Amino acid sequence: MTTATLASLVNHQVRLAARPVGLPTAQNWQFTEEAVAEPADGEVLVQVLALSLDPAMRGWMNEGKSYIPPVELGAVMRAGGIGRVIASRNPAFTVGDVVSGTPGVQDYWRVSAEGAQRGGLVKIDLRLGTVTQWLNVLGMPGMTGYFGLMDVGQPKAGETVLVSGAAGAVGQTVGQLAKVKGCRVVGIAGGQAKCDWVVKELGFDACIDYKARAPEGVQRWDAVREGLKQHCPKGVDIYFDNVGGDILDAALARINRKARIVICGAISQYNNTGAMQGPKNYMSLLVNRARMEGMVVFDYADRYHLAVAEMAGYLKDGRMKSKEDVVEGGVRAFPDTLLKLFNGENFGKLVLKLAD
Ligand code: NAP
């Protein structure tokens with residue numbers, strides 16, 4: 001791209017204006033515009049094609065210690081994504097390369113020489129999957145499902161795997177992979193449409209709709225526990241937890257001896273204004289000599305390529321599918337689109353498309 005063309009580009013950005021209490025609102029965001037600068041020596045300029053919208057973003061907006069520093073007030077909101085190199089002064093990248101990294105919520109991403117060198121910019125192979133699949137099964141959520149299930153859960157053929165957030169990005173990978181590994185798979189999801197999809201399209205053995213109206217005189221969580229009894233008659237060997245809260249408690253009440261509970265996320269708690277609800281049924285771990293273990297996907301970065309190769313094979317031979325929920329509307333659509341994750345409006349991996 002020529003210097004004149006670059007100078008005509010405008011970078012639209014979304015910045016964190018204030019830390020939210022509860023669900024994020026318009027007051028938490030600021031929209032800014034900047035001229036696009038030519039890359040300096042060693043730098044790469046990327047046009048962002050699609051952003052990954054993740055429940056973790058809610059945690060990154062909070063102050064305080066976590067597995068990653070919080071987004072600073074006034075900074076461009078952190079987001080993973082895929083883009084195309086449009087100018088490069090780094091010999092490792094050429095114009096036209098499709099790359100993944102953490103561009104943030106903006107149209108153009110200027111990657112420092114150091115950032116590009118440290119592995120912050122990775123070329124992706126579109127022969128293995130589409131741009132949106134690289135944000136889903138072949139991307140961060142897929143890696144989470146893969147290593148959470150395989151390394152922490154350690155499934156054995158014939159075991160029962162229960163996964164919440166079953167129709168979401170991580171959940172769809174976990175359930176399909178567990179089926180490939182010969183397990184019985186039961187999902188938990190909000191709504192009949194999501195439950196039907198994971199059973200009919202993804203091959204789960206059953207799915208419990210935790211939002212379904214309970215029969216007269218029965219409490220909702222009792223109905224979920226009944227569903228677990230019905231669909232996990234031999235108990236639960238692995239519970240892959242994406243949601244925490246009452247569903248975690250219901251699952252704990254159904255685990256087998258030596259069960260593994262993979263603590264991947266607790267989305268039901270992310271917007272709590274009070275204290276986070278911890279597991280009430282944790283004594284079930286003692287009684288069943290079971291293990292509950294947290295995992296963070298970034299710890300497995302040096303093995304991502306192995307999981308990508310394996311799951312790209314399953315996508316190709318039809319043993320796995322990858323469903324994305326792609327929203328258009330540019331970076332200005334980011335604040336409202338993010339909320340879909342917290343009310344269950346997303347159906348599949350939530351992606352914000354910025355360019356073709
Ligand atoms: P997702 O499942 O695609 O989307 C979020 C889903 O969560 C919603 O569609 C909704 O599905 C469900 N949900 C929202 N509020 C809920 C509530 N109160 N109770 C129960 N379910 C609720 O998101 P994802 O990207 O795959 O992430 C899933 C989980 O994995 C999150 O907890 C996330 O933080 C975690 N995660 C962890 C790591 C890690 O390294 N540990 C990495 C990536 C993701 P329904 O319609 O079914 O309710």
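None of the values given here were measured: they were computed from a predicted structure. One-based numbering, in listed order, for ligands and for the atoms of each.
Ring pair F298/Y67 is tilted by interplanar angle, where 30° to 60° counts as tilted.
With hydrogens and angles ignored, the 3.5 Å screen pairs no side-chain donor or acceptor of E43 with any backbone N or O of S88. N242 places a side-chain N or O within donor-acceptor distance of the main-chain N or O of S164, the cut-off being under 3.5 Å. A donor-acceptor pair under 3.5 Å is formed between the side chain of Q172 and the backbone N or O of K323. Judged by distance alone, the side chain of D54 and the main-chain N or O of M57 form no donor-acceptor pair under 3.5 Å. Looking at R184, its side chain never comes within 3.5 Å of a backbone N or O of T160 through a donor-acceptor pair. A donor-acceptor pair is defined here as one N or O able to donate and one able to accept, closer than 3.5 Å; such a pair exists between the side chain of R291 and the backbone of V152.
On a distance-only criterion, G265 and ligand 1 share no N/O pair closer than 3.5 Å. The distance criterion of under 3.5 Å between nitrogen or oxygen atoms is met by G190 with respect to ligand 1. For A189, no nitrogen or oxygen atom sits less than 3.5 Å from a nitrogen or oxygen atom of ligand 1, counting backbone and side chain alike. Taking only nitrogen or oxygen atoms, main chain and side chain alike, N343 does not reach within less than 3.5 Å of ligand 1. Remark: ligand 1 and S268 share no N or O pair separated by less than 3.5 Å (distance only, no angle test). Looking at V243 next to ligand 1, no N or O pair under 3.5 Å apart turns up. Between M295 and ligand 1, an N or O atom pair is found at a separation short of 3.5 Å.
Note that CG of L315 is 5.5 Å distant from CD of Q133, once rounded to the nearest 0.5 Å. Interatomic distance, Q47 CD to I82 CD1, rounded to the nearest 0.5 Å: 13.5 Å. Residue S100 holds its OG atom at 12.5 Å from NZ of K123, rounded to the nearest 0.5 Å. To the nearest 0.5 Å, atom CH2 of residue W109 and atom CD1 of residue I86 are 13.0 Å apart. Note that CZ of R58 and CD1 of I267 are 11.0 Å apart. Values are rounded to the nearest 0.5 Å. Note that SG of C183 is 11.5 Å distant from CZ of F204, once rounded to the nearest 0.5 Å.
Looking only at protein heavy atoms, the nearest one to atom 15 (N) of ligand 1 is F342 O, 3.7 Å. V170 CG2, 3.8 Å is the protein heavy atom nearest to atom 44 (C) of ligand 1. Scanning the protein for heavy atoms near atom 46 (O) of ligand 1, the closest one is K194 NZ, 2.6 Å. Nearest to atom 2 (O) of ligand 1 among the protein's heavy atoms is G168 CA, 3.2 Å. For atom 40 (O) of ligand 1, the closest non-hydrogen atom of the protein is V297 N, 2.8 Å. In this structure, the protein non-hydrogen atom closest to atom 9 (O) of ligand 1 is N346 OD1, 2.5 Å. The single protein non-hydrogen atom nearest to atom 14 (C) of ligand 1 is L341 O, 3.3 Å, given as residue, atom name and distance. For atom 12 (C) of ligand 1, the closest non-hydrogen atom of the protein is I267 CG2, 4.0 Å.
The residue E345 has no part lying near ligand 1, judged by heavy-atom distances below 4.0 Å. Residue-level proximity to ligand 1 for Y210 is carried by the side chain, the only part with a heavy atom below 4.0 angstrom. At a heavy-atom distance under 4.0 Å, no atom of S164 approaches ligand 1. At a 4.0 Å heavy-atom cut-off, ligand 1 touches T144 through the side chain alone. The proximity of P141 to ligand 1, defined as any non-hydrogen pair under 4.0 Å, does not occur for either the backbone or the side chain. Under 4.0 Å from ligand 1, not a single heavy atom of K349 appears. Contacts between Y270 and ligand 1 below 4.0 angstrom, taking non-hydrogen atoms only, involve the side chain exclusively.
The shell of residues lying under 4.0 angstrom from ligand 1, judged by heavy atoms, excludes G191.
If you chain together hydrophobic residues whose side chains sit under 4.5 Å apart, V76 and L16 never meet in one group.
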